[in-house]
Amino acid sequence: MTPLMQAEQAVLGSVFLDPGQLDQLSPWLRPDHFYRPIHAALYAAMLKLHADGHPATAARSGDPIPLSWVTDTVREASTWARGLTASYAHSLISACPRPTHAPVYGRMVLEGAIHRSVTQHAIRLHQAARADAVRGGVEETVHHAQVLSDVLADLAHRWGTEPRPVPPPEPITSPAQQPQSVDEQVLADEEFLLGCISARPEQLLDIVDWLRPGDFADIGHQQIYLALGALHHRSEPIDQLTVLWETQRRGALSDGTLNAERVLRICDPLSFSGVAEHFGEQVVQASLVRTAAAVARQVRALADDEALAPGRLIGYALHALGPLDDVRRRLHRTHEADPESRRPTSRLGASPPAARIEAARARSRPTATPAPSAPVAASCAALPDRHNHRSPS
């Protein structure tokens, strides 16, 4: 018999011996916190009899407990669990070391329920993400992500801690799994998006506030988006050649992430035409589903660690949900009305200032440049610039 089963028996035995213990247990311990259905039925029956004013629950400390307390509890619980007998109730009484320790035994039961509940909801989130990846939606993933967040907040309050994210001392490692393949449609949407931006660079203004490089499943597509963002941030012209040159300067060609033919094909203005916002939303939706699956695996790995205290488990799990919450917020921004209101007054189609042209010709010379419009500068400043600026030979 596991320690959890012994704790469940002990807490029930404590209440049989001292029904007054329900006053301390009922505010935070629920029947569904018990693992065995028969134990959950007995505890639910105790709570019902207590609410109905059973004479045993009104007895003062030291008074004898009427036998009807046991028989009435078993009778009430038998309506939910078959095969329950009075002899089993008496065995629970004998399994209780000390009735006064009921709150401690109840905390053991709650601790097991916390690990079990977090595991169950992490599995549901992972299943929802896999299903949405197949059908191309995000509704189930968003729903189960919110459910998991709400469950963690409720468990934190029941355990007596604040539901706040806490970074673990070491990175969360999930069990090794087969690498998941990315749907071809997702990769096609990413290419269409990059092609649309290359053909009409002004569309970058519509998506730069909520689309991040990490939203792209393909690392090569991430590098092209980084190159587009860097060129845009410096107010330099965007076309096939400038994007190719930028990806080379960022090391994406030398390390094998991209090749020149692929960059030129994706950035060919004659191959793609469409609305960047539409494909950007598809990319963010796919990113949300992938992130949810990864987060679900991390949270499940945490819940499987029985040595992890409930407070830390909840804090670490909430921290693991952080990246998923970020993608959810950015996806919500894609549905904001009137995209024109989000654009700055300047347009990428205008000729760059002379100072910018000079800066593009002489990278090694520090040059004061006018700051780009606030919304675009704030977003593109987050894009890492890994290349070193060197003057042309």
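Heavy atoms only: backbone and side chains are in, while hydrogens, waters and symmetry mates are out.
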Just to verify, what does Glu191 make a side-chain hydrogen bond (donor to acceptor under 3.5 Å, both in side chains) with, not counting sequence neighbours?
Arg265
Verify, without hydrogens or angle tests, whether His90 (side chain) and Ser87 (backbone) share a donor-acceptor contact under 3.5 angstrom.
no
Output all residues satisfying side-chain hydrogen bond (donor to acceptor under 3.5 Å, both in side chains) with Asp189, sequence neighbours left out; order by chain, then residue number.
Gln185
Sidechain N-carboxylate O distance under 4.0 Å for Arg330, Asp215
yes
Does Gln146 CD have over 12 foreign heavy atoms under 6.0 Å away?
yes
Could you pull out all residues at least two apart from Tyr105 that satisfy ring-ring contact (aromatic ring centres under 6.0 Å, His included)?
none
Side chains of Thr57 and Leu49, heavy atoms from C-beta outward: is any pair under 4.5 Å?
no
Are Val243 and Trp245 co-members of a hydrophobic cluster defined by side-chain heavy atoms under 4.5 Å apart?
no
Results of ring-ring contact (aromatic ring centres under 6.0 Å, His included) for His115 - residues two or more places apart only
none
Is a donor on one side and an acceptor on the other found under 3.5 Å between the side chain of Trp210 and the backbone of Asp206?
yes
Give me each pair satisfying salt bridge (Lys or Arg N to Asp or Glu O under 4.0 Å) with a member in residues 141-151, each pair once, sequence neighbours excluded.
none
Under the salt bridge (Lys or Arg N to Asp or Glu O under 4.0 Å) rule, what pairs show up with a residue in residues 36-51, not counting sequence neighbours?
Lys48-Asp52
Sidechain N-carboxylate O distance under 4.0 Å for Arg158, Asp154
yes
